[in-house]
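Note sheet for the following structure.
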Amino acid sequence: MEFGERKNAVFLLLLLIATAGCCQGGTQVLAAAHDFAIKDVYWATPSFPENRTLVVVLSYCGSSTAASLNASLDVSQISADAQTQAVESSYNGTLASGDTVYLEFGFNVSSSAVAGSYLLPLRVEYLVGNTTSSFESSVRADLRGSPDIAVEPLGTTLVKGGVNAIQILVENKGDGLARNVKVAVQSQDIYLTLIGSNRFDLGALQPGASGLVTLALFAENSIGDGSAFSVTVTYDGEDGTPYTRSISVGVKAESPEEPRLAASAGTTELIAGAVNNVTLLISNNGGSAATDITVKVTPVSDRLTLIGANSFHLGDLAPGQSTGIPIQLYLDKQVYGSLRLSVSLGCSDWRNATYADTVSIGFISADPPAPLLEVSANSSSLSPNSVNHVTFIVRNIGTDSAQNVTVSLFSQSPQVAVVVGPGTSSAWEIPANGSLKAERGIFVQPGVFGAVPVYVQVQYRDRLGNYYSYTSAYGFSVAAEPEVVVSTVSTIPSPAFPGDKVVRVVCLIVNSGNYTAENVRIRMGGIPGVVEPSYAGTDRFTIPYLQVGSSVQIQFLVDIAGSAAPGYYEIPITIETASGNSTTSIPLTVREKAPVSVERIYFDREVTPGARNVKVFVQLSNNGSQTAEQLRLSLVSGYITGSTSTLVGSLPGNSSKIVMMEVDVDQKVAPGSLGVDVELSWVQDGRQLSDASYRDLPIAPTPGISPLWYAAVVVLAAILAIVFRKRLSAMVRRQ
Amino acid sequence: MPEGATPKVMAVVRKELIQLTRDPRSLVMIALIPLVVMLLFGIGYGGSTGKVGIVIVDMDGGQMGTALVSAISETPTVSVKANAHSIEEARTMVSKGVAPAALIIPEGFTSSLLSGSPVRVLVIIDESSPTLASTVKDSMLAVTYNFQQEFARQVHGPSVELIYNSVYGPTVTNLEAFTPFVIALVLQLVPTTLISIAICREKEKGTFEQLIMSPVGRLDIIFGKLAAYFIATIADMLITLFVAINVFGVVIRGSIFDLLLISTVYLLGSLGLGMLISVLSRNQLQANQAAIFIFIPFLLFCGGLAPVELLSPQAAAIANVNPMYHFIMAFRSIMIKGYGIPQLLQPVAALLVYMGAMMSIAPAILKLRVE
């Protein structure tokens with residue numbers, strides 16, 4: 001028997017003793033009989049394989065001899081075979097009191113059976129004499145377990161650049177004792193170093209027990225954001241079986257919080273030509289304390305000067321803290337635009353890492369207080385052809401006083417306006433919000449209207465000696481009165497005759513006043529019985545805008561009555577302007593129109609439809625005193641052709657003429673009367689005049705067949721009869 | 001053609017040519033007819049053409065009126081024949097046949113054109129000769145067109161409107177214009193041919209000698225023949241005139257009696273001419289050829305085919321001795337213009353001379369031959 005088996009045997013022996021005690025006390029043997037006592041129970045094959053043999057040693061303590069033992073052991077709790085509920089064993093010998101018998105029960109132990117002690121019911125039947133007796137009890141079968149070590153890191157975050165403590169929890173989660181538990185740690189990253197020993201001895205760990213291993217790991221700054229190290233645990237089982245468990249532990253490497261210094265200024269404007277007190281504000285906006293802070297201030301432009309020291313040592317600043325540094329900056333005069341101040345910042349952190357940064361702070365130059373003069377006048381309108389007294393007010397609307405002030409008034413167009421008298425005024429000083437008044441006379445030339453500019457030149461200095469000068473135009477309105485008149489009048493056609501329609505009376509309207517005329521309404525009045533507007537709206541005009549000296553042409557459309565007597569007429573005209581109404585008249589001469597008329601029109605003979613070469617006589621007369629020149633006569637009808645138009649020549653006053661025209665009459669004209677339009681046109685005083693009238697000419701009905709036809713037929717028949725008389729007689733005789 | 005026909009035809013041709021060569025007068029006329037015709041045609045129609053003279057009435061007297069007259073003178077078909085002072089005077093001159101047309105430039109012609117106003121120019125045209133009237137109208141249109149083109153550079157858009165007034169119009173149909181010509185043909189060709197051939201036929205048959213031997217006086221024979229063919233021809237003329245008037249609507253403005261009178265004169269002259277031809281001809285063929293030969297210059301220079309005014313001066317000179325021309329002039333004046341004999345003294349006198357000459361020469365020679 002090996003050491004282990006013996007150990008188990010000892011253990012079982014002790015257990016048997018305890019069982020015996022209990023047996024007596026009835027605690028361990030559930031069905032103790034008087035004849036048998038369980039002396040020992042042990043595994044004949046203490047370790048796997050699964051097919052194992054449990055040996056139960058019974059001691060016979062009966063008085064009579066026992067024989068033919070048949071034992072049955074219920075192994076359903078640990079059997080691998082579900083159908084195997086009990087296993088059998090027997091002994092065919094005889095037993096006397098005090099004899100020992102070994103009963104072997106073989107069966108497959110389930111691999112899922114956990115370690116522990118199992119009470120297996122045992123029943124033994126035997127013969128005592130011829131009587132079958134039985135003995136029932138329970139035997140205790142022990143199944144031993146195996147250790148299971150688990151490794152768990154209690155932290156997975158490292159800080160770069162420092163030593164980090166990581167604890168490893170080693171726990172026996174098995175059901176067997178773990179002996180000689182040893183932990184070995186190995187870094188898997190060259191930037192991760194384990195400080196101290198990498199091996200740890202935890203001894204034995206009972207099931208459920210655990211141990212802690214604390215590691216000191218140094219992560220270099222150059223380590224990546226992720227790293228790993230391995231943990232190897234070796235241990236032995238209770239039966240000396242060696243176990244090894246290795247894991248790799250991944251950790252996250254984080255950068256440490258750093259200090260971050262920032263610099264700003266208390267103002268953004270620097271006044272040129274003055275010392276500006278500026279506070280530099282240094283603040284730590286980082287997550288770590290800044291130590292050993294140094295500040296160096298350097299102006300970038302040579303027009304900006306730092307007065308005093310430019311280097312400062314501030315000590316430490318916790319995160320979120322700030323401190324101010326008062327400095328003085330001087331900006332040269334007349335510097336405009338932006339300027340920069342360079343601020344160099346330096347510090348360290350808790351790891352003694354140093355930091356350096358340079359911040360640029362920008363400024364805008366600002367003007368110093370200065371005077372500003374504004375000129376105004378007490379009036380904005382002037383009158384032409386007179387001296388206008390105007391008071392000019394020079395007001396200082398700046399922030400400082402103006403010195404050596406000179407104000408000059410002048411006009412650049414003397415033909416428009418002139419400043420009367422001296423145009424210059426002076427003052428030694430005009431304080432801020434102060435003013436200077438100067439009264440001057442301005443003469444506006446006649447005929448000027450609209451707007452007139454007067455120029456104001458202002459010159460002054462400020463306290464710093466800066467010189468200011470500007471010139472501006474001050475505009476005045478010049479108001480005057482318009483005067484609208486009719487300049488010329490003409491008529492188209494010219495001359496005008498009685499009966500003329502739509503005669504254009506053209507007028508030239510002129511503004512002879514001193515000011516622009518606006519919304520001028522001109523209305524022509526008629527002369528009853530002589531002149532009337534041709535149609536509504538032709539007797540009035542509105543001129544929206546008429547400048548001085550300019551003109552506009554308008555024309556009225558009028559009809560001259562046919563009954564108007566020749567002579568000279570004046571047509572009234574009303575002119576309405578904003579300044580008032582005026583009335584004038586325009587001349588119109590009506591000439592006498594030669595009264596050319598058709599006295600008589602007739603054919604030279606009786607005319608029938610289709611008549612040709614017909615002479616038409618037209619008697620024309622002029623009963624007036626004027627001569628009709630280039631008189632033309634036209635006969636217009638759809639039924640006559642030929643000479644239907646002719647020039648008659650001149651027809652003097654109180655004379656008449658007979659005109660002959662040759663025409664053909666259309667075949668389709670209806671007998672009765674033929675309507676003819678007689679058109680007359682002539683020239684009188686250079687004008688083409690015309691008149692028309694309607695006349696009827698008689699048309700006789702078409703005659704029937706001429707008697708000559710009948711006569712001709714008779715003659716022809718007679719001639720033929722004479723010629724062919726003999727031949728016809730001969731034909732008759734032959735027949 | 002049957003076998004042996006060619007020699008027979010050739011024999012006939014040979015016989016006819018021999019017979020033709022045995023008649024020298026016919027041979028000469030056959031040769032002369034085309035030569036003379038072409039010569040006369042070349043003289044009358046192939047040379048320079050004449051211009052139609054018109055009457056000008058310049059009532060304006062200004063620059064533009066003068067320019068228009070100059071433009072008329074520069075045309076190839078119209079010339080200024082006379083000047084008048086009023087429209088009435090111009091109309092009278094056209095009516096009397098002094099000129100076939102008159103142009104009246106009105107007062108204010110220049111000023112109206114310069115002021116851009118349209119002006120009207122009156123043209124009085126004798127419509128009795130449609131060819132002449134048409135020529136004048138075309139010429140006036142061309143003149144005014146060129147005038148407007150010329151002065152368009154000086155005057156903006158000159159507008160010259162032509163107004164036509166007719167004399168003896170307003171329209172004369174072509175049939176009316178050709179009726180005198182047709183009557184002249186009838187009165188010229190028919191009697192000349194008829195009487196000459198008739199006498200020559202009797203001479204060829206020998207019946208003329210029998211007639212002489214009969215108890216009829218020589219003058220009776222002559223004037224009897226003249227009277228017979230006069231009746232026949234004047235009947236032709238009357239039928240022609242009757243059809244023209246009643247069928248085609250030809251208008252006769254003048255007196256029918258006047259027309260018959262001048263036709264009789266001309267017909268007697270034609271009969272005398274025919275008689276003369278018969279005296280000078282030995283046979284009918286010669287008479288026929290002679291009649292045609294003489295008729296051709298009568299036709300070419302009578303003014304019927306083309307107005308004499310449009311022919312060359314030589315042709316006009318020939319026309320003046322052409323009785324057919326005078327007959328057509330007189331007939332047209334009576335028929336279309338309505339003239340009377342007193343207004344036609346010159347053509348009537350020419351016709352009387354012609355008639356007298358023919359009627360005295362031809363019977364005299366014929367009487368001598370008969371005797």
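Residue numbers start from 1 in every chain, and the chains themselves are labelled A, B, ... in the order their sequence lines are given, proteins ahead of strands. Just so you know, these numbers use all the heavy atoms, side chains as well, and skip hydrogens, waters and symmetry mates.
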Answer yes or no: does atom NZ of Lys501(A) have more than 12 heavy-atom neighbours from other residues, nucleotides or ligands under 6.0 Å?
-> yes
May I ask you to decide if Leu647(A)'s main-chain N or O and Arg120(B)'s side chain share a donor-acceptor pair within less than 3.5 Å?
-> no
Proximal component of Val172(B), with respect to chain A [non-hydrogen, under 4.5 Å] | backbone
For the pair Glu662(A) (side chain) and Tyr168(B) (backbone), establish whether a donor and an acceptor sit closer than 3.5 Å, ignoring hydrogens and angles.
-> yes
Structural part of Ile163(B) lying under 4.5 Å from a heavy atom of chain A | side chain
Interchain contact, Val57(B) with chain A, by part (heavy-atom threshold 4.5 Å) = neither
Should the heavy atoms of other residues, nucleotides or ligands under 6.0 Å from OH of Tyr639(A) be counted, would the total exceed 12?
-> no
Is it the side chain or the backbone of Val648(A) that comes within 4.5 Å of chain B heavy atoms, both, or neither?
-> backbone
Which atoms of Ser634(A) come close to chain B, meaning under 4.5 Å heavy atom to heavy atom: side chain ones, backbone ones, both, or neither?
-> neither
Counting heavy-atom pairs under 4.5 angstrom with chain B, the leader among Arg632(A), Met660(A), Gln688(A) is Arg632(A)
One option among Pro106(B), Gly169(B), Ser111(B) has the most heavy-atom pairs under 4.5 Å with chain A, and it is Gly169(B)
Any donor and acceptor pair, going by atom type alone, linking the side chain of Glu107(B) with main-chain N or O of Gln630(A) inside 3.5 Å?
-> no
Side chain from CB out, backbone as N, CA, C, O: work out which of these in Tyr164(B) comes under 4.5 Å of a heavy atom of chain A, or both, or neither.
-> backbone
Count the heavy atoms of every other residue, nucleotide or ligand shown that sit under 6.0 Å from OH of Tyr145(B), and state whether that count exceeds 12.
-> no
Near Tyr568(A) OH, under 6.0 Å, is it more than 12 heavy atoms from other residues, nucleotides or ligands?
-> yes
So do Arg91(B) and Thr646(A) actually touch side chain to side chain, heavy atoms under 4.5 Å?
-> yes
Has Phe617(A) got more than 12 heavy atoms of other residues, nucleotides or ligands less than 6.0 Å from its CZ?
-> yes
Measuring heavy-atom distances to chain A, does Glu127(B) have an atom under 4.5 Å in its side chain, in its backbone, in both, or in neither?
-> neither
Arg253(B): side chain to side chain donor-acceptor pair (under 3.5 Å) partners, not counting sequence neighbours = Asn613(A)
With distance as the sole test, does Ser643(A) use its side chain to make a donor-acceptor pair with the main-chain N or O of Pro170(B) at under 3.5 Å?
-> no
Flag the one option from Asn165(B), Ile125(B), Val119(B) with the top tally of heavy-atom pairs under 4.5 Å to chain A.
-> Asn165(B)
Contacts of Asp138(B) meeting side-chain contact (heavy atoms from CB on, under 4.5 Å) (sequence neighbours excluded), chain-then-number -> Ser134(B)
